[in-house]
Amino acid sequence: VKDLIEKMLRGERRALARLLSYVEERDSRSHKLLEQIWPQTGRAISIGVTGPAGVGKSTLIDQLIRVIRDNQKKVGIIAVDPTSPFTGGAVLGDRVRMQRHSGDPDVFIRSIGSRGKTGGISFSTRALMQLLDAFGTDVILVETVGAGQSEVNIVDLVDTTVVVLMPEAGDSIQALKAGLFEIADVFVVNKKDRDGAERVAQDVETMLSLAPGRSSWKPPIVLTEATNGDGVGVLWKEILRHHEDVVKQGIPKKELLRRRLHELSEIVGNRLSFILMSKIERDSRLMKKLEVVSRPNLYSVCDELLKKYLKSK
Ligand SMILES: Nc1nc2c(ncn2[C@@H]2O[C@H](COP(=O)(O)OP(=O)(O)OP(=O)(O)O)[C@@H](O)[C@H]2O)c(=O)[nH]1
Ligand SMILES: [Mg+2]
């Protein structure tokens with residue numbers, strides 16, 4: 001691992017890819033590794049792109065990559081639990097567009113699915129972000145489906161949250177009511193080529209004027225057409241403005257403490273579960289309990305596990 005870290009810090013993509021896989025496994029190696037790269041992190045700007053399925057988040061990210069690359073910056077993209085493959089789903093045109101970036105050595109794309117291990121997507125996402133940060137990425141974009149549909153609370157992970165909406169399908173406003181409104185630092189109404197984009201923007205504006213200001217930052221509303229890149233330059237400027245005006249000022253102490261506790265609980269939970277689960281697999285008595293034909297009481301198995309292995313320490 002040490003060797004891989006050195007190679008990764010020297011900019012070797014293959015080393016980075018290997019380390020990313022370790023982190024996704026969330027085993028004991030990943031903790032040591034994250035501990036070791038810690039001093040190299042803290043430089044990247046992170047941006048969350050969230051919104052209902054199909055509003056154009058991936059297409060928008062694809063355009064943002066272009067703008068960011070025009071400014072000679074390194075960029076990393078993490079797609080969390082994408083409902084369609086990040087490379088553009090069924091639409092061939094989208095896949096072709098993404099491939100434009102796949103050969104670029106300064107673009108790194110990774111997706112995390114929720115299949116397989118659950119409960120640790122937030123941990124894995126954060127860990128991948130830290131690795132990309134240590135790798136020297138200037139900007140990290142994280143795509144999640146919001147709200148409530150994703151296991152990840154994106155605001156806790158990123159500096160700036162972009163909420164993407166689109167005209168038609170009244171569920172944009174529904175999604176806002178379901179929690180997307182509160183988390184937005186920047187609003188995007190994508191697919192402005194379709195009827196009703198102005199209406200959606202107007203609705204958001206109204207909601208903003210009714211909501212008591214959380215802070216002095218008023219989330220801007222940007223209209224875009226991701227398929228041709230219209231408005232994406234403006235979006236990037238607004239993201240940078242949010243970074244200057246809000247992120248750089250630092251978050252309030254209370255909020256900072258809340259986030260740190262949350263992150264610590266993820267790290268502890270992940271580590272503990274790894275340690276305890278490897279013990280249970282070697283504990284024939286506990287394994288027997290799991291094998292009973294009727295549904296075993298897993299809560300009592302958990303308690304027994306804790307009693308046996310934690311109290312003695
Ligand atoms: N007309 C129009 N179509 C768009 C625009 N942006 C994206 N689309 C199309 O909308 C569809 C969904 O785009 P995606 O970028 O995959 O959307 P997404 O939000 O990432 O979707 P999920 O990851 O599945 O939630 C694709 O067919 C895009 O080509 C736009 O500005 N105008
Ligand atoms: Mg997508």
Side-chain angles (χ1 to χ4, degrees), residues 7-21 23-24 37 40-51 56-82 85-88 94-112 124-145 152 154-155 157-164 185-186 188 190 222 224 226-244 247-248:
K7 284 186 176 150
M8 184 272 288
L9 292 176
R10 264 188 268 125
E12 278 189 33
R13 283 170 68 96
R14 275 184 42 208
L16 173 64
R18 285 277 297 282
L19 292 171
L20 288 169
S21 303
V23 156
E24 269 174 313
I37 61 155
Q40 317 295 332
T41 61
R43 229 179 35 87
I45 296 180
S46 56
I47 300 151
V49 178
T50 193
K57 300 178 294 295
S58 301
T59 316
L60 206 57
I61 286 176
D62 177 55
Q63 293 288 350
L64 279 171
I65 298 173
R66 189 181 47 80
V67 175
I68 296 164
R69 292 296 298 128
D70 284 348
N71 291 300
Q72 262 85 52
K73 291 193 187 304
K74 269 193 184 182
V75 56
I77 300 96
I78 301 170
V80 181
D81 193 19
F86 184 75
T87 44
D94 282 358
R95 214 173 294 150
V96 172
R97 245 200 323 274
M98 280 313 288
Q99 261 162 16
R100 175 176 75 186
H101 300 300
S102 65
D104 185 336
D106 286 326
V107 177
F108 209 99
I109 302 173
R110 190 87 177 191
S111 55
I112 313 180
S124 301
T125 306
R126 206 192 290 274
L128 293 189
M129 289 173 72
Q130 279 163 11
L131 263 173
L132 287 171
D133 189 351
F135 184 62
T137 305
D138 301 291
V139 182
I140 299 171
L141 297 160
V142 185
E143 175 182 343
T144 59
V145 178
V152 172
I154 192 71
V155 250
L157 298 175
V158 298
D159 298 326
T160 302
T161 304
V162 177
V163 168
V164 187
D185 297 310
V186 178
V188 169
N190 188 40
V222 184
T224 60
T227 32
N228 68 7
D230 242 28
V232 177
V234 178
L235 170 60
W236 181 238
K237 280 203 188 105
E238 293 292 5
I239 290 169
L240 290 181
R241 191 167 67 84
H242 179 257
H243 203 263
E244 281 299 314
V247 180
K248 272 196 179 165

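By convention here, the first residue in the shown sequence is residue 1. Just so we're clear, the structure is a prediction, and the values are computed from it rather than from any experiment.
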> Would you say Arg69 has more than 12 foreign heavy atoms packed within less than 6.0 Å of its CZ?
Replying inline: yes

> Mind checking what makes side chain to side chain contact (heavy atoms under 4.5 Å, CB included) contact with Arg43, not counting sequence neighbours?
Replying inline: Asp133, Asp138

> How far apart are the closest heavy atoms of Gln40 and Leu9, and which atoms are they?
Replying inline: CG-CD2, 3.8 Å

>> So, taking the atom named CD in Glu143 and the one named CG in Asp62, what distance separates them when rounded to the nearest 0.5 Å?
In response: 11.0 Å

> Any idea which heavy atoms bring Gly56 and Asn190 closest together, and the distance?
Replying inline: CA-ND2, 3.7 Å

> Under the side-chain contact (heavy atoms from CB on, under 4.5 Å) criterion, do Val67 and Gln63 qualify, and how do the steps go?
Replying inline: CA-CA 7 Å; Val67 175; Gln63 293 288 350; 5.8 Å; no

> Going by heavy atoms in the side chains, are Val23 and Leu19 under 4.5 Å from each other?
Replying inline: no

> Could you walk me through whether Ile37 and Met8 pass the side-chain contact (heavy atoms from CB on, under 4.5 Å) check?
Replying inline: CA-CA 10 Å; Ile37 61 155; Met8 184 272 288; 3.9 Å; yes

>> Are the side chains of Phe108 and Leu128 in contact, using a 4.5 Å heavy-atom criterion?
In response: no

> For the side chain of Asn71 and the backbone of Lys73, is there at least one donor-acceptor N/O pair under 3.5 Å apart?
Replying inline: no

>> Whether the side chain of Lys57 engages the backbone of Val164 through a donor-acceptor N/O pair (distance < 3.5 Å, no angle test) should be reported.
In response: no

> Who are the side chain to side chain donor-acceptor pair (under 3.5 Å) partners of Thr137, not counting sequence neighbours?
Replying inline: none

> How would you list, by chain and number, every residue that makes a side chain to side chain donor-acceptor pair (under 3.5 Å) with Ser21, sequence neighbours excluded?
Replying inline: Arg110

> What's the verdict on side-chain contact (heavy atoms from CB on, under 4.5 Å) for Asp185 and Val247, showing C-alpha distance, side-chain angles and the deciding distance?
Replying inline: CA-CA 11 Å; Asp185 297 310; Val247 180; over 6 Å; no

>> The test is side-chain contact (heavy atoms from CB on, under 4.5 Å); show your working for Leu235 and Ile239 and say whether it passes.
In response: CA-CA 6 Å; Leu235 170 60; Ile239 290 169; 4.0 Å; yes

> When rounded to the nearest 0.5 angstrom, what distance separates CD1 in Ile109 from CD1 in Ile61?
Replying inline: 9.5 Å

>> Give me the atom names and distance for the closest heavy-atom approach of Ile78 to Met129.
In response: CD1-CG, 3.6 Å

>> If the test is side chain to side chain contact (heavy atoms under 4.5 Å, CB included), which one of Lys237, His243, Glu238 qualifies with Arg241?
In response: Glu238

> Between CG of Leu60 and CD1 of Ile65, what distance do you get to the nearest 0.5 Å?
Replying inline: 10.5 Å

> What distance do His242 atom NE2 and Ile47 atom CD1 have between them, rounded to the nearest 0.5 Å?
Replying inline: 10.5 Å

>> According to salt bridge (charged side-chain N to carboxylate O under 4.0 Å, His left out), who are the partners of Asp159, at least two apart in sequence or on a separate chain?
In response: none

>> Please report the interatomic distance CG(Asp70) to CH2(Trp236), rounded to the nearest 0.5 Å.
In response: 11.5 Å

>> Can you list everything that forms a side chain to side chain donor-acceptor pair (under 3.5 Å) with Glu244? Sequence neighbours excluded, please.
In response: Lys248

> Quick one: side chain to side chain contact (heavy atoms under 4.5 Å, CB included) partners of Lys7, sequence neighbours excluded?
Replying inline: Asp3, Arg10, Glu12, Ala15

>> Could you measure the distance from the OG atom of Ser46 to the CG atom of Leu132? Nearest 0.5 Å is fine.
In response: 11.0 Å

> Should Leu64 and Leu141 count as side-chain neighbours, where that means a heavy-atom distance under 4.5 Å?
Replying inline: yes

> Any sub-3.5 Å donor-acceptor pair from Thr224's side-chain atoms to Val232's backbone N or O?
Replying inline: no

